[in-house]
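First the proteins, then the strands, lettered A, B, ... as listed; each starts at 1.
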Protein chains: 2
Amino acid sequence: MRADEDLATAAARELAEETGLRAHDPGEPAPESGNGAHLEQLGTYGDPKRDPRMRVVSVAHLALAPDLPAPKAGGDANSARWAPVETFLEQDPEGDQTGPLAFDHAQILADGVERARSKIEYSSLATAFCPPEFTVGELRRVYEAVWGVALDPRNFHRKVTGTPGFLVPTGGTTTRQGGRPAQLFRAGGATLLNPPMLRPEV
Amino acid sequence: MRADEDLATAAARELAEETGLRAHDPGEPAPESGNGAHLEQLGTYGDPKRDPRMRVVSVAHLALAPDLPAPKAGGDANSARWAPVETFLEQDPEGDQTGPLAFDHAQILADGVERARSKIEYSSLATAFCPPEFTVGELRRVYEAVWGVALDPRNFHRKVTGTPGFLVPTGGTTTRQGGRPAQLFRAGGATLLNPPMLRPEV
DNA sequence: GGAATAGTGTCTCTAAGACATTATTTG
DNA sequence: CAAATAATGTCTTAGAGACACTATTCC
């Protein structure tokens, strides 16, 4: 953090420096220009033994974004890259604790994934994973990817288009390959979904 | 924080020093002995201007407890006392920002209240406001107090007793003044309510 | 008996889950 | 036409909201 920075400002700056993603303020919808990432504070990790070298207190943040520009080398993280979360969250069959992430970062990542899974149930935040204009099918694939389940396309369509303020039709349609064109939507003003979209029980 | 303390440990120690409340680990049910407070991290506040005197980053915690022992003077907070949240969250009709709490503490308190209101929807955490054994009516009054609404006693009874793992009858009954004795329950093992108990829309 | 509180039952309506069908494009 | 994807419709059932009634205590 710099001397004149808020926590969220510092997180947005670091995110931009290492990934090129520009974050917009939470609560506001994604900007028209696209590439705007939703950024929110996740939690603070301060166990005195989490980094054996020295006492470090980390304020973790979670970003949701539709597009992933090539990460920029340099800055704090020379080896920044994108990877699926499963790469780092697989249960180690041996049971030992040597995962691919340092310190408690696997726990932080798991907390972030759970936050995302939980938040898209009760909010319209899944649209943060979509470009400014998107189809119902694209939004459904966001839910399916985040939750790791398959959803019924017909019930999903009925649910999201029936929730007031969730989706606003732009009038446009997609040109696709081998299929009926889909209506385009953008995120509506609603931030809280009522009733929520509960993930199916396992 | 002390050099060997986790964030939660330090918060629990400060809470005990100033209020006498003993916190138990989150995830675990309240201890039999009673007086155990649920404690969880709320969020971290680090705006460089939040305290004009110096740069302070505060990790706020939220505690839920059934009993409120007399706060102990001494320690950091000489004037510790219990008060209803409304005392500090009333909207100032004048519109100026001079509330009774210092710095951004009104915002932190508002965030904590919203966290509590939201969490008792999807979890069995409302039992943290109850003593080890309690009645359905007591649990209902917790919901009514936290949400600030009136709930239908009959629908509430049906809902909470019908949710598996939420309540476990102890067999005992209360002795009351002028009314049918109520069954006593303790918190069951379930932590997540499915389906959730959604607060009524306003 | 009357007041007070606890607990059960019934009806209605919303919404989710399962599933069939129609619509519109490309090749 | 076949294949692919989008969109709408129907039926069933779980569960929330509204409301009436019965049960058990103290006064």
| request: Report yes if the distance between the aromatic ring centroids of F166(A) and F185(A) is under 6.0 Å, otherwise no. | output: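 No.
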Starting the side chain at C-beta, find the nucleotide from [options] nearest to [X].
X       : options                   : value
P195(A) : dC19(C), dT24(C), dA16(C) : dA16(C)
H157(A) : dT8(D), dA6(C), dG17(C)   : dT8(D)
R180(A) : dA6(C), dA6(D), dT10(C)   : dA6(D)
R140(B) : dG17(D), dA7(D), dA6(C)   : dA6(C)
R158(A) : dT10(C), dG7(C), dT10(D)  : dT10(D)
A182(A) : dG7(C), dT24(C), dA6(D)   : dA6(D)

| request: Mind checking the CG-SG spacing from L64(A) to C130(A)? Nearest 0.5 Å is all I need. | output: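 Going from the CG atom of L64(A) to the SG atom of C130(A) covers 11.0 Å.
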| Among side-chain atoms of T191(A) and S124(A), is any donor-acceptor pair under 3.5 angstrom? |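 No, S124(A) and T191(A) have no side-chain donor paired with an acceptor closer than 3.5 Å.
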| said: Please report the distance, rounded to the nearest Å, between CG in L151(A) and C1' in dC19(C). | reply: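 Rounding to the nearest Å, CG of L151(A) and C1' of dC19(C) are 16 Å apart.
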| said: Could you tell me how far apart D152(A) (CG) and dT21(C) (P) are, to the nearest whole angstrom? | reply: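 Going from D152(A) (CG) to dT21(C) (P), I get 15 Å.
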| request: Mark yes or no for a side-chain to base donor-acceptor pair under 3.5 Å between R154(A) and dA6(D), with no hydrogen or angle criteria applied. | output: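 In this structure, the two groups form no donor-acceptor pair.
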| For dA16(D), does OP1 or OP2 lie under 4.0 Å from any side-chain N or O of K159(B)? |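 Answer yes for this pair, as a side-chain N or O of K159(B) is under 4.0 Å from OP1 or OP2.
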